[in-house]
Amino acid sequence: MDDLAILGGLFAIAFVAATILPAQSEAALVGLLVAGAQAPVLLVAIASLGNILGAVLNWALGRGVERFRDCKWFPVSAASLDRATGWYRRWGRWSLLLSWAPIGGDALTVAAGVLREPLWSFVALVSIAKTARYVVLAAATLGVLA
């Protein structure tokens, strides 16, 4: 498999993992890090970009929540969105630093759109959270944290 296909696959898995379908971007990243075919910095950057852009899609869906909320494909249940919106109202934009979390993180990114968080601050905070997660995962995988 060529490098472009590998990187494109990692990007796609990371994107999907942040949106409507379950995916394990962490497993894909670890597998590629262990294989050692690409530079770790490049792999972390590609995974981060895909995951951040997936979160931006969630933010956009949140902006249009009234049109999309009842669609089967909508990525967050009504109960989960209500909980995330309450959390977001309580803690504000800083709650986006938890957007990396496997449970509730996606709902927070949708809630940010619902509550009209400006895109620039959304992208900044989500970028910090999601990139930090992949950096820690890469460091642990490569033995840097040992």
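Note that these values count all heavy atoms, side chains included, but never hydrogens, waters or copies made by symmetry.
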Which atom names give the shortest non-hydrogen contact between [X] and [Y], and what distance separates them?
X      : Y     : result
Thr19  : Gly54 : CG2-O, 3.3 Å
Gly50  : Phe11 : CA-CE1, 3.4 Å
Val44  : Leu29 : N-CD1, 4.3 Å
Leu108 : Ser95 : CD1-O, 3.4 Å
Asp106 : Ala18 : OD1-O, 3.6 Å
Ala14  : Ala47 : CB-O, 3.2 Å

### Task
Any pair with a residue in residues 26-40 that passes side chain to side chain donor-acceptor pair (under 3.5 Å), sequence neighbours left out, goes on the list, sorted by first then second residue, please.
Asp3-Gln38, Glu26-Arg133
### Message
I'd like to check the side chain to side chain contact (heavy atoms under 4.5 Å, CB included) partners of Ala39; sequence neighbours left out, ordered by chain and number.
### Response
Leu42
### Query
Under 3.5 Å, is there a donor-acceptor pair between the side chain of Asn51 and the main chain of Phe15?
no
#### Entry: Donor-acceptor contact below 3.5 Å, side chain Trp59 vs main chain Glu117
yes
### Message
Please evaluate residues Leu125 and Arg93 with respect to the criterion side-chain contact (heavy atoms from CB on, under 4.5 Å), reporting the C-alpha separation (whole Å), side-chain torsions for both, the decisive distance (0.1 Å), and the verdict.
### Response
CA-CA 8 Å; Leu125 291 167; Arg93 68 176 43 132; 3.8 Å; yes
Looking at [atom1] of [X] and [atom2] of [Y], how far apart are the two atoms once the value is rounded to the nearest 0.5 Å?
X     : Y      : atom1 : atom2 : answer
Leu96 : Ile128 : CG    : CD1   : 10.5 Å
Leu57 : Thr109 : CG    : OG1   : 9.0 Å
Leu53 : Lys130 : CG    : NZ    : 11.0 Å

### Task
Mind checking side-chain hydrogen bond (donor to acceptor under 3.5 Å, both in side chains) for Ser99 and listing every partner two or more places apart, or none if nothing turns up?
none
### Task
Among residues two or more places apart or on two chains, list those pairs meeting salt bridge (Lys or Arg N to Asp or Glu O under 4.0 Å) that have a residue in residues 80-91.
Arg69-Asp82
### Task
Scan for ring pair (Phe, Tyr, Trp, His ring centres under 6.0 Å) pairs involving residues 90-120, sequence neighbours excluded, and state none if there are none.
Trp87-Trp91
### Summary
Residues passing the salt bridge (charged side-chain N to carboxylate O under 4.0 Å, His left out) test with Arg116, sequence neighbours excluded, are none
